[in-house]
Structures are given as structure tokens and as C-alpha cells.
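First the structure, in the form of C-alpha cells, and then the observations on it.
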Amino acid sequence: MANVNEAFLKLKNDYLFSTILEKKNEFLSKNPKKKVISLGVGDVTLPLVPSVIDAMHKATEEMAKKETFQGYGLVQGYDFLIEKIIKYEYEKRGVSIDKSEVFVAAGSKGDLSGIAELFSKDSIVALMDPVYPAYRDTNIMLGRDNIKYLETNAENGFIPEIPHEHMDIIYLCSPNNPTGTVLNKEELTKWVEYARENNSVILYDSVYEAFITGDKIPHSIYEIDHAKEVAIEFRSYSKLAGFTGVRCSFVVIPNELNVYTKDKNKIQLNKLWFRRQSTKFGAAAYITQKAAEAIYTEKGQKEIYENIKYYKENAKYMKQELEKIGFTIYGGEHSPYLWLKTPNNMKSWDFFDKLLNEAAVLGTPGVGFGKCGEGYFRLTAFSSKEDTKEAVYRIVNLNFK
Ligand code: PLP
């Protein structure tokens, strides 16, 4: 008899996006002529930029010729990409990263779930509430039941407070999905200090880094002194360059970051991840890595940041117009996400129904990201400018009394 891995049975049904879809379809069946505008899903809508397309065409041509054809790639990624990552993402910010510390892969979702395998099953895991649900589900799948939630709310401005108890693995996401808030230098310094005192590891998810405005907010956790001893950084080309369908990401695991055996022997996590990737990951595609490399030119940078600017302008517009009519909004400045307090303490799903049924606008109920998300609502800036304006116009004209 094949027995099931019962850890999987402990997962809650992922009803959030399926319920949203069901409700949308039900609305459309009753109102077939209405155009539903989606500000719900965190997916990009602008196409790949010309530099990326050119690089993909060229790489495809290379794959078509015997002399330049590429077979299995290097587990850690091609040097041509890793060198650009170091130069453009780190050296520029005064952070020194060694080539051996960068691992290119096929999307942060896989990286974030894979890394959780490297820690012991009984690790205490700290997650924010509200949270990107994949962090939680990954740990449940691995059979972990020691998950602690650090509540974020209006009182702490949706910025997690340093825990009073010991945590082994801490997931930090900045700019945050879903709340759109960011951790500044002072807050990140406190987390690094906490992790150093507790021998904890910070899993720093900054896949929305490109949305950070200005230089006051750290773009990398390694801008904080000693962070390389305790933090792993996750970056993705998904939101940076519209690669949600192309799939490319990288992880930085510093050589000085250690985990411990039961007998308190140090183990270099970087080496463990290399070992894990060698067995479980077949390297990101050559064409994909060439595509990613193409953003690291003057032209490529200009093109991708034009797109980011487009989404940021959507976010700014939504925030500005909705604040004008009295909404309290977090995020939207360093992030494509706006985190709205629902008016009159409406429940997240009631607000969702009102927006869908009366304005044909789709968003994401905050409670879907955790109990602290109740009474909040997430809107994304990833739609077209026209649809964003139309959606805001429809919301502004609703009666919330
Ligand atoms: N981390 C966060 C916070 C996300 O919101 C997402 C995707 O939406 C990911 C990671 C995964 O990104 P990728 O497309 O690189 O798998």
C-alpha cells in the first residue's frame, strides 16, 4: 500500500484565488456585457522589452548551430550572468559578492521552497501575518509544525516587530507582498542583530526590489553590516523584467553563513545548497539566462525601468485618488501593491463582493493572506494605465456609507 505524505493533508485548501475566479465567473454569467477589471493577480502585463527579445532570438540562433549549441548548463548558472548580477545588483550599492555565492535558477518560488529543505524539521519558523502563502505551505509540506506568526497591523504600520522568543528561520519580505510596506535600514539592522544573537537565518525575499524608490531604503539586506553572516537573499526577474512566464531568478548564499548540526558543528549553507541543486535542479535554460543578461546594459536597464515606472505610476495614481476620498492605504510607494483598509470595518470578502458586484473591479481580500489581513484589501498596479484609471473611477463613484 502506498501511504500518503500526510504533511500534505495539513495544507488548507488554496481557496483564495479559486474563490476569486468562481465569484468572477458567476458575476460574468449574470452580467455578460460588463468588463471586469482585474487589480487582483500579482502578474505583470507589459510584454518583454526589446533588449530581452533580441537576446532570446540570438540565443535561439546559437542553439540552432552545432558550434554554439548548449547542452546541460552549469548548476549555479553561467558566469556571463553571474558577473553582471554582481556588478549591477551589488557592486553598485557597495556590496561585495563572490561568484561562488550566486545561484541562478528558474524563479524564486522554487528557490524559496527548496531552501526550506536545508533546515531541520523541528526548526522554529517565523512568518509575518499577513504573509505570502507559499512560505507557510512549503514548511507545512516539509512536516514542520513549529510555525510562529509575527502579527503586523495598523498599530505597527505592518512592519514586523522583533520577537521576544527564539526563532530559527525568519522569512522577511521587503517590499512586502501583500502589504507593500518596506523595511528601512534601522529595522533591517535590528533583524540582523537578532539573527546573529540567536544563530537564526533570515530568508530575505526581495523580489520586488526594483520598485524601491530612492536610496534611503536598502535594496539588498547586505547593505547592512554583518548581514552576510545570517541572511540569504532571493531575487527574481519576474517583476524586475516581466519574466513571470520566462522564469529566471537568483539566490545569494554568502560563504560565511553557517548552520549547525545537533553537536554544534558548523555547516556552510552555500555548500549544502550547491549539493541540493546538483541533485534536484537542472540549471536555468541558456536562452533564459541570455535573456536575463540582456537587462544589464544601458539600453536594457532603461527599458526595464521604463516598465517599472509605468506600474509605479499606476500605483501612485491609485493611492492618490483613493486617499482623496478617505481611504487609508499602506504600500504603493516602493511596491506594486496597495494595502487598503476597508471602509467602515467591512470584512475583506464583503468589500471584495461590493467592488465586484457594483464596480466590476477585482482585487484580493486581505484575509486570504492571514488573519491579520481581515478588514484589508490588496490592489495591484500591474494593469494597464487605462484600466487602472477606469477601475479607480468606478471605485471612487461607489457609495460606502
Ligand atoms: N516572493 C513573493 C513575495 C512573490 O510575490 C512572488 C510571486 O508573486 C514570488 C516570491 C515568486 O516569484 P517568481 O515568479 O520568481 O517565482
Side-chain angles (χ1 to χ4, degrees), residues 14 16-17 20 38-46 48 52 77 81 85 89 102-116 125-139 150 152 158 160 169-183 202-212 219-221 231-252 277 281 284-285 288-289 291-292 295 304 307-308 311 315 330-332 334-339 363-364 366 368-370 373 378-383:
D14 187 13
L16 179 64
F17 288 101
I20 290 175
S38 175
L39 303 180
V41 190
D43 197 359
V44 293
T45 51
L46 292 171
L48 295 171
V52 166
L81 178 55
I85 290 171
E89 306 288 358
V102 181
F103 294 82
V104 175
S108 295
K109 206 173 205 181
D111 296 336
L112 280 153
S113 71
I115 212 88
V125 181
L127 300 182
M128 310 302 138
D129 179 355
V131 71
Y132 174 58
Y135 307 153
R136 179 197 60 217
D137 291 351
T138 290
N139 280 286
L150 307 180
T152 65
F158 289 96
I169 316 169
I170 300 150
Y171 285 77
L172 293 180
C173 180
S174 173
N176 191 273
N177 179 12
T179 67
T181 53
V182 277
L183 296 171
I202 296 172
L203 304 181
Y204 191 67
D205 180 346
S206 64
V207 303
Y208 297 98
E209 171 276 336
F211 287 83
I212 294 174
H219 286 246
S220 161
I221 193 164
I232 299 175
E233 183 158 290
F234 298 84
R235 297 278 195 96
S236 168
Y237 293 88
S238 285
K239 313 296 156 81
L240 172 66
F243 276 36
T244 49
V246 177
R247 313 305 297 146
C248 196
S249 59
F250 64 90
V251 188
V252 177
Q277 291 295 80
F281 182 64
T288 303
Q289 293 192 57
I295 72 159
I304 59 161
N307 285 359
I308 303 260
Y311 297 133
Y330 299 85
H334 301 286
S335 157
Y337 298 120
L338 267 67
W339 186 244
T364 313
F369 299 97
R378 192 191 76 173
L379 292 176
T380 86
F382 286 126
S383 262

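We count ligands from 1, going down the list as the structure has it; atoms in each ligand are counted the same way.
The Gly107 neighbourhood of ligand 1 comprises atoms 15 (O), 16 (O), with distances under 4.0 Å to a heavy atom of that residue. For ligand 1, the atoms lying closer than 4.0 Å to a non-hydrogen atom of Cys173 are 3 (C). Each of the following atoms of ligand 1 lies closer than 4.0 Å to a heavy atom of Arg247: 13 (P), 14 (O), 16 (O).
Minimum heavy-atom separation, His219 to Glu233: O-OE2, 4.5 Å. In terms of heavy-atom proximity, Gly180 sits nearest to Ser335 at CA-OG, 3.3 Å. The nearest pair of heavy atoms linking Pro175 to Ile212 is CG-CG1, 3.7 Å. Smallest separation of non-hydrogen atoms from Leu240 and Ile304: O-CB, 3.7 Å.
Nearest protein heavy-atom contact of atom 9 (C) of ligand 1 is Tyr132 OH, 3.3 Å. In this structure, the protein non-hydrogen atom closest to atom 12 (O) of ligand 1 is Ser108 CB, 4.0 Å. Nearest protein heavy-atom contact of atom 14 (O) of ligand 1 is Ser238 OG, 2.6 Å.
For ligand 1, the polar-atom distance check finds an N/O of Asn177 within less than 3.5 Å of one of the ligand's N/O atoms. For a threshold of 3.5 Å applied to N or O pairs, the pair formed by Lys239 and ligand 1 contains at least one separation below that value.
Counting only N and O atoms by type, the side chains of Tyr337 and Tyr208 include a donor and acceptor under 3.5 Å apart. There is a side-chain donor-acceptor pair under 3.5 Å between Arg235 and Ser206.
Between Ser236, Pro336, Gly110, it is Ser236 that holds the heavy atom closest to atom 15 (O) of ligand 1. By heavy-atom distance, the residue among Thr380, Asp205, Asn176 lying nearest atom 10 (C) of ligand 1 is Asp205.
Aromatic ring centres of Phe281 and Phe103 lie farther apart than the 6.0 Å criterion allows.
Heavy atoms of Tyr208 approach ligand 1 to within less than 4.0 angstrom. Heavy-atom distances between Thr244 and ligand 1 stay at or above 4.0 Å for every pair.
Phe369 contributes atom CZ, which lies 9.5 Å from atom CG of Asn176 (distance to the nearest 0.5 angstrom).
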